[in-house]
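To find a chain, count down the sequence lines: A is the first, B the second, and so on, and within it residues start at 1. All values below come from the heavy atoms of this structure, side chains included, with hydrogens, waters and symmetry mates left out.
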Amino acid sequence: MSWQDHLVIAPIILPLIAGATMLLFDGRSRTVAAVLNLVSTFALLAIAISLVTTSGGPDPAAAVRVYRLGDWPAQFGIVLVADRLSSMMLLLTAILACAALIFSLARWHRSGSYFHPLFQFLLMGLNGAFLTGDLFNLFVFFEVLLAASYGLALHGSGHARVRAGLHYIAVNLVAALVFLVGVSMVYGAAGTLNMADLAARIGSLPARERALLETGTSILGVAFLVKAAAWPLGFWLPGTYAAASAPVAALFSVMTKVGIYAILRMGFLLAGPEAAAGSSQFGDVWLLAAGAATILFAMVGMLASQDLAKLASFSVVVSSGTMLAVLGTNDVSIIGPALYYLVSSTLAIGAFFLLIELIERGRAPTDDILAVTLEAYGIEDEEEPGEDGDAGVAVPAILAVLGAAFIVSALLLSGLPPLSGFVAKFAILAGALGGSDPATATGIAPAAWALLVLLLLSGFATLIAMVRAGIRSFWAVIEREVPHVRVIEVAPVVALLLLCLTLTLQAGPAMRFMQATAMGLHGSEAYIHGVLTPTAMPAGGQP
Amino acid sequence: MELIVSLAIGILAGSGIWLLLRPRTFQVIIGLSLLSYAVNLFIFGMGRLRVGAPPVLDPAAGGDISRYADPLPQALVLTAIVISFAMTALFLVVLLASRGLTRSDHVDGREGGS
């Protein structure tokens with residue numbers, strides 16, 4: 001094996017070592033921990049870029065890179081699999097992590113101990129969950145990332161964080177138990193927990209075991225939906241994300257996507273064409289209904305939220321609801337655009353979480369408390385006094401930058417042209433309605449109509465909520481204190497938004513990559529074959 | 001034996017869920033513990049219940065795998081126990097922090113209407 005083959009495990013090993021090393025230093029020197037964190041996170045970015053470029057090739061078999069720990073065959077040992085979807089999610093995580101880390105170095109990392117090690121352990125959990133090819137390891141990495149996220153959610157402490165954190169931890173512990181029940185039922189039915197092996201075996205299972213397996217996967221699905229914050233299971237999210245500190249919330253915006261990723265992966269492996277005969281399309285109606293309910297819930301929540309952090313949290317829910325609804329339509333042609341939407345919306349939400357902290361900084365510290373009180377008692381906010389009609393107020397440069405960034409993220413999140421949010425939604429709808437060809441568009445499925453209405457409505461609600469919030473924080477207030485913002489705080493926001501802009505300009509190549517990813521998911525035989533084929537050992541070779 | 005084990009799982013899970021829905025944080029944590037016991041037993045049961053069957057190969061007894069119990073669920077249970085133990089400890093810390101900050105052991109940090 002060349003060193004490049006070991007690159008697959010590096011996204012797990014590197015944060016583990018970095019985090020553990022920091023634990024030795026953190027009490028004494030925060031600078032060392034910060035430097036280690038920076039080095040490790042940027043190395044992760046480089047690794048993710050390298051994985052994406054190697055998996056982006058045209059050959060579907062070369063796109064699946066399998067790493068067998070200890071070189072045991074897949075049914076017995078633990079495998080890590082880096083295919084296009086995994087590599088893409090790794091890259092997304094690494095980008096958000098870099099932005100959040102740089103942002104936090106300005107001040108947030110000082111507001112509590114052990115920020116840097118927890119940050120690394122969260123990255124380890126996320127990367128592991130994206131890479132693993134085994135259901136039980138998925139559980140273990142979920143727990144790793146959740147344990148780190150519990151610590152990070154409480155970072156900075158304070159009443160609101162602890163209260164929201166308590167709910168968050170309780171809900172996710174129950175979800176972990178549900179996950180375990182599902183995993184054990186799958187094992188009881190199929191006798192394996194390796195995802196590829198499971199997909200290969202599902203077709204030949206007798207009907208009795210099949211029923212047990214489907215029950216098990218449904219229970220697993222419930223656990224994933226809790227992570228993805230689907231409607232009746234996602235009430236923990238807005239409170240927790242709104243209470244978390246800005247860089248942490250930005251990183252958390254990729255955490256709901258772990259649930260989406262797991263649903264995508266399991267759904268295509270277990271209900272894909274290889275596993276046909278009964279199991280395909282199973283649960284799709286539920287996914288569509290859950291997605292629809294999630295979008296509606298988040299829309300109402302957005303319109304009702306009075307502070308920006310709540311607004312951003314509900315936009316996370318909108319994003320995962322949209323993904324669920326798209327997955328529920330069971331239309332392979334729109335999975336690619338949906339992945340594009342996932343990347344674009346996650347980057348935009350991450351930038352928005354960082355941005356709102358800068359905007360809120362200009363306000364009086366009591367405003368936050370006031371906003372909470374207003375929300376609790378439903379009192380309408382009183383207009384700030386002091387509009388004396390003196391025209392021609394000089395707009396400070398930093399406010400202009402923040403305002404422009406706000407407009408860009410509003411466009412991205414509501415899906416208005418000309419940015420990538422629009423491209424994504426347009427591509428999804430075009431795919432759902434059968435392309436531009438009128439001959440094929442005659443029989444549009446009800447699911448596609450539902451998707452159309454939901455996407456447009458959610459975009460509209462986002463727009464209203466964002467415009468209202470923008471007016472309240474930039475337009476209506478004349479006598480506002482200009483926030484003190486450092487360059488390393490604005491730079492990540494601008495970088496993330498520029499990345500979305502690049503995604504818009506390079507929509508063609510990006511969309512082709514996403515389509516190839518979707519095809520790789522749908523034709524999962526390359527994945528199954530790649531994992532299950534034993535490596536050719538050198539004759540008489542030592543492993 | 002199957003009946004007893006399933007009854008035990010059912011009772012543990014039932015009381016766990018009931019406690020989980022109670023308003024006091026201590027009740028919630030006890031409920032979570034009971035629920036995790038139930039889940040651990042369930043995982044164990046999914047490897048099929050056998051009496052007198054060792055999970056480890058015995059050189060003297062030969063390689064007939066029908067005489068052995070499935071070792072994998074037992075290993076899974078071990079992992080699940082460790083993880084739920086760690087999570088319970090972590091939850092306890094948050095619980096104490098919440099108690100200290102809010103001066104209330106209600107899960108919402110303030111007394112409800114009841």
Side-chain angles (χ1 to χ4, degrees), chain A residues 75-76 78 118 134-137 139-144 146-151 153-154 157-194 212-213 215-216 219 223 236 239 243 376, chain B residues 9 12-13 16-17 20-22 25 27-29 31-49 70 72-77 79-110:
Chain A
Q75 293 93 330
F76 304 109
I78 293 170
L118 284 172
D134 178 290
L135 271 182
F136 197 75
N137 276 309
F139 166 74
V140 172
F141 282 119
F142 264 33
E143 290 305 302
V144 170
L146 285 175
S149 78
Y150 300 151
L154 299 176
S157 196
H159 185 169
R161 291 203 179 108
V162 170
R163 204 180 64 186
L166 197 71
H167 297 177
Y168 172 62
I169 298 177
V171 169
N172 277 290
L173 284 181
V174 176
L177 295 175
V178 173
F179 194 144
L180 274 178
V181 170
V183 164
S184 59
M185 282 180 85
V186 168
Y187 181 76
T192 182
L193 286 176
N194 183 291
L212 193 60
L213 184 80
T215 318
I219 294 176
W236 55 270
Chain B
I9 295 175
L12 279 173
I17 290 171
L20 198 64
L21 300 175
R22 302 293 299 160
T25 44
Q27 290 168 321
V28 171
I29 201 164
L32 277 172
S33 307
L34 288 182
L35 206 55
S36 76
Y37 294 151
V39 170
N40 289 341
L41 277 176
F42 182 83
I43 301 175
F44 195 75
M46 267 300 158
R48 307 295 185 268
L49 297 169
D70 190 344
L72 195 82
Q74 308 193 4
L76 298 189
V77 168
T79 318
I81 289 173
V82 172
I83 289 180
S84 66
F85 181 69
M87 291 298 167
T88 310
L90 199 146
F91 193 64
L92 259 176
V93 173
V94 178
L95 186 157
L96 287 176
S98 162
R99 173 80 180 81
L101 280 171
T102 63
R103 305 189 170 282
S104 156
D105 66 343
H106 195 278
V107 285
D108 286 334
R110 56 168 186 267

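The structure places CG of B:Leu72 at 8.5 Å from CZ of A:Phe136, a figure rounded to the nearest 0.5 Å. Between the CD1 atom in B:Ile83 and the CZ atom in A:Phe139 there is a gap of 4.5 Å [rounded to 0.5 Å]. Here the CD1 atom belonging to A:Ile169 is positioned 10.5 Å from the CG atom belonging to B:Leu92, to the nearest 0.5 angstrom. The line from CG of A:Leu166 to CG of B:Leu101 is 11.0 Å long, rounded to the nearest 0.5 Å.
Contacts between B:Leu20 and chain A at a heavy-atom distance below 4.5 Å involve the side chain alone, from C-beta outward. Residue contact with chain A, scored on non-hydrogen atoms closer than 4.5 Å, involves the backbone and the side chain of B:Ile43 alike. Contact of A:Leu154 with chain B is made through the side chain alone, with heavy-atom distances under 4.5 Å.
Interface remark: of the candidates B:Ala86, B:Gly100, B:Ser98, B:Ser98 forms the most heavy-atom pairs closer than 4.5 Å to chain A. When each of A:Leu173, A:Asn172, A:Leu193 is checked for heavy-atom pairs under 4.5 Å with chain B, A:Leu173 comes out on top. The candidate from B:Leu76, B:Leu90, B:Thr25, B:Val39 with the greatest count of non-hydrogen atom pairs under 4.5 Å with chain A is B:Leu76. When the candidates A:Val144, A:Val140, A:Val162 are compared by the number of heavy-atom contacts under 4.5 Å with chain B, A:Val162 comes out ahead.
Side-chain contact between A:Tyr187 and B:Asp70 is present, with at least one heavy-atom pair separated by less than 4.5 Å.
Between the side chain of A:Arg163 and the main chain of B:Thr102, no donor-acceptor pair closer than 3.5 Å is present.
Smallest separation of non-hydrogen atoms from B:Met87 and A:Ala147: CE-CB, 3.6 Å.
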